[in-house]
Amino acid sequence: MTGKVLKAQLHPRNRHNNGYDFNSLCKAMPALSAFVHVNKYNNQSIDFANSDAVKCLNSALLKHYYKVNFWDIPKGYLCPPIPGRVDYIHYLADLLKASNLSDGNGSKSIIGSKVSVLDIGTGASCIYAILGQHEYQWRFVASDIDPISINVANTTLKANKGLAKKIECRLQTNAKHILQGIIKPSDKFELTLCNPPFHASLSDASKGSQRKLKNLAQHKSKQQGSAIVNKPNSSIHNDSLNFGGQKAELWCEGGELKFVSDMINESQSFAKQVLWFTCLISKKDNVAPLKLALKQIDATQVKVVDMAQGQKISRFIAWSFHSTEQQQTWFEQ
């Protein structure tokens, strides 16, 4: 019986490249055992269409790999695929490393509390901040427009020793703003990250969920005996783990393109306070108009970073108002 389900094409530093070790995960979270079964190919797995099973798997992953002893989200809220989420974190670390930062003492480390990150739309899971704090010891401000998400995130942080001192949650009280009202005059961030709502309406979000369920069913019927299945952010993994989701998590008027365009416009006001603004882009067709928007506001540097995760190519767009030379002296400013 095979205890691992292998993944492919994740970031080289992603600790999930060797797959789900269900034996170890069940030791960390005994409740997961109730959901684990041996499929007809003699591999251990869970039913990725079962939201309770997926949430339990997340809890086990967080406890086993990231020392998070308590993690929970309310029913109906977005349940994130952890291997894909931490990939974004690792690629952000690469982006920061490429900036060749110096603290004036010859240090160019991308690890440590000197690095501050803003997580826009952290959700009830607070997943990016938790993963980034563990992997690189970065300090985080985690924002969201949903009071319940902020309350749940704070409960998780307080329940895990040390996290509440390293991750601060802030509620966005103005639905028309993304950065304004969150970034304070005294703040300085090396990075921002965001997984924006990509649907333009509740109807679109519902259709997307129906497609995900259909894709999952088709994948089950066509699944081969290979050990490389259930890849993070491949169609099955991404579709099956993205359970639930409230309005702010799944859709907004104008969808992803308008949300990121609004963020780009707002970023001009915080050009001196942020080294790199970044945002995930789910639709490749949105890249060109967003690059044009960044050109129109005279962004100094613009990068589109592809993340190959299983059968799916994900990406994020990054922009800075600082030249390469200015970035190198960022910590000295």
Side-chain angles (χ1 to χ4, degrees), residues 11-14 86-122 128-129 131-143 166-168 170 178-180 182-196 260-281 287-288 290-307 314-333:
H11 189 282
R13 291 195 299 276
N14 195 318
V86 76
D87 237 40
Y88 186 12
I89 296 292
H90 290 307
Y91 279 100
L92 288 177
D94 290 347
L95 177 69
L96 202 58
K97 185 177 182 179
S99 296
N100 205 25
L101 303 182
S102 172
D103 64 0
N105 298 312
S107 175
K108 298 179 181 179
S109 177
I110 58 172
I111 299 175
S113 61
K114 190 158 190 169
V115 175
S116 294
V117 183
L118 171 60
D119 175 13
I120 302 162
T122 193
Y128 285 119
L131 296 174
Q133 208 294 310
H134 185 276
E135 293 294 76
Y136 295 102
Q137 293 79 62
W138 296 339
R139 301 190 75 88
F140 276 82
V141 169
S143 71
K166 298 163 185 174
I167 302 171
E168 176 192 353
R170 295 180 187 173
I178 299 170
L179 303 171
Q180 293 181 42
I182 293 298
I183 299 181
K184 300 177 181 179
S186 59
D187 285 335
K188 189 175 181 181
F189 295 105
E190 282 63 58
L191 296 163
T192 75
L193 65 87
C194 181
N195 185 10
V260 185
S261 296
D262 289 345
M263 182 178 166
I264 287 171
N265 289 332
E266 281 192 45
S267 70
Q268 297 175 87
S269 300
F270 304 97
K272 294 182 179 180
Q273 293 179 257
V274 177
L275 184 66
W276 281 106
F277 296 90
T278 80
C279 193
L280 287 173
I281 306 298
V287 172
L290 291 173
K291 289 175 73 173
L292 178 60
L294 287 164
K295 183 178 180 180
Q296 291 172 341
I297 65 167
D298 296 322
T300 306
Q301 296 190 68
V302 178
K303 297 183 179 183
V304 177
V305 179
D306 287 336
M307 300 179 289
S314 182
R315 67 197 62 81
F316 67 86
I317 192 166
W319 67 98
S320 177
F321 296 95
H322 304 268
S323 67
T324 302
E325 292 74 18
Q326 290 172 328
Q327 289 182 343
Q328 291 174 5
T329 60
W330 173 258
F331 283 134
E332 302 171 37
Q333 298 172 19

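Index from 1, following the sequence.
Side chains of Q327 and S320: a donor on one and an acceptor on the other come within 3.5 Å. Under the 3.5 Å distance criterion, with hydrogens and angles disregarded, no donor-acceptor pair is assigned to the side chains of E190 and W276.
Using a cutoff of 4.0 Å between basic side-chain nitrogens and carboxylate oxygens, D87 and R13 are not scored as salt-bridged.
Atom CG in N195 sits 10.5 Å away from atom OG1 in T122 (nearest 0.5 Å). For the atom pair I120 CD1 and T192 OG1, the distance stands at 4.5 Å (nearest 0.5 Å). In this structure, the separation between CE on M307 and CG on D94 is 11.0 Å, given to the nearest 0.5 Å.
Minimum heavy-atom separation, L290 to S261: CD2-OG, 3.6 Å. The two residues D306 and Y91 come nearest to each other via the heavy atoms O-CE2, 4.0 Å. Of all the heavy atoms in D187 and R170, the pair that sits closest is OD2-NH1, 2.7 Å. Pairing each heavy atom of K291 with each of V304, the nearest pair is CD-CG2, 4.1 Å. Across every non-hydrogen atom of M263 and L179, the tightest pair is O-CD1, 4.0 Å. Between C279 and V260, the shortest heavy-atom distance links the atoms SG-CG2, 3.8 Å.
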message = Please determine whether side chain to side chain contact (heavy atoms under 4.5 Å, CB included) holds for the pair L92 and Y136, giving the CA-CA distance in whole Å, both sets of side-chain angles, and the decisive distance to 0.1 Å.
response = CA-CA 11 Å; L92 288 177; Y136 295 102; over 6 Å; no
*V141/D119 under side chain to side chain contact (heavy atoms under 4.5 Å, CB included): CA gap, chis, key distance, verdict*: CA-CA 6 Å; V141 169; D119 175 13; over 6 Å; no
### Message
Working note: L95 + L191, criterion side chain to side chain contact (heavy atoms under 4.5 Å, CB included); need CA distance, chi angles, decisive distance, verdict.
### Response
CA-CA 9 Å; L95 177 69; L191 296 163; 4.2 Å; yes
Q. Should L118 and C194 be marked as a side chain to side chain contact (heavy atoms under 4.5 Å, CB included) after you check the CA-CA gap, both sets of side-chain angles, and the distance that decides it?
A. CA-CA 8 Å; L118 171 60; C194 181; over 6 Å; no
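With a 4.5 Å cut-off on side-chain heavy atoms, F321 and F277 count as touching. Between V117 and Q133, every side-chain heavy-atom pair lies at or beyond the 4.5 Å cut-off. Counting only heavy atoms from C-beta outward, the side chains of E168 and R139 never approach each other to under 4.5 Å. A heavy-atom distance below 4.5 Å is not found between the side chains of N100 and T324. No side-chain heavy atom of T278 sits less than 4.5 Å from a side-chain heavy atom of W319. Inter-residue side-chain proximity for Q137 and V115 is flagged as unmet; no heavy-atom pair is nearer than 4.5 Å. Counting heavy atoms from C-beta outward, L280 and L193 have side chains that stay 4.5 Å or more apart. Residues Q328 and L101 fail the side-chain proximity criterion, which asks for heavy atoms closer than 4.5 Å.
Ring geometry, F140 versus W138: the interplanar angle falls from 30° to 60°, so the pair is classed tilted. Between Y88 and F316, the ring-plane angle classifies as tilted under the 30° and 60° cut-offs.
A side-chain donor-acceptor contact under 3.5 Å links Q326 to the backbone of S323. No side-chain donor-acceptor contact under 3.5 Å links E135 to the backbone of G132.
Crowding of K188 atom NZ: a count of heavy atoms from other residues, nucleotides or ligands under 6.0 Å exceeding 12.
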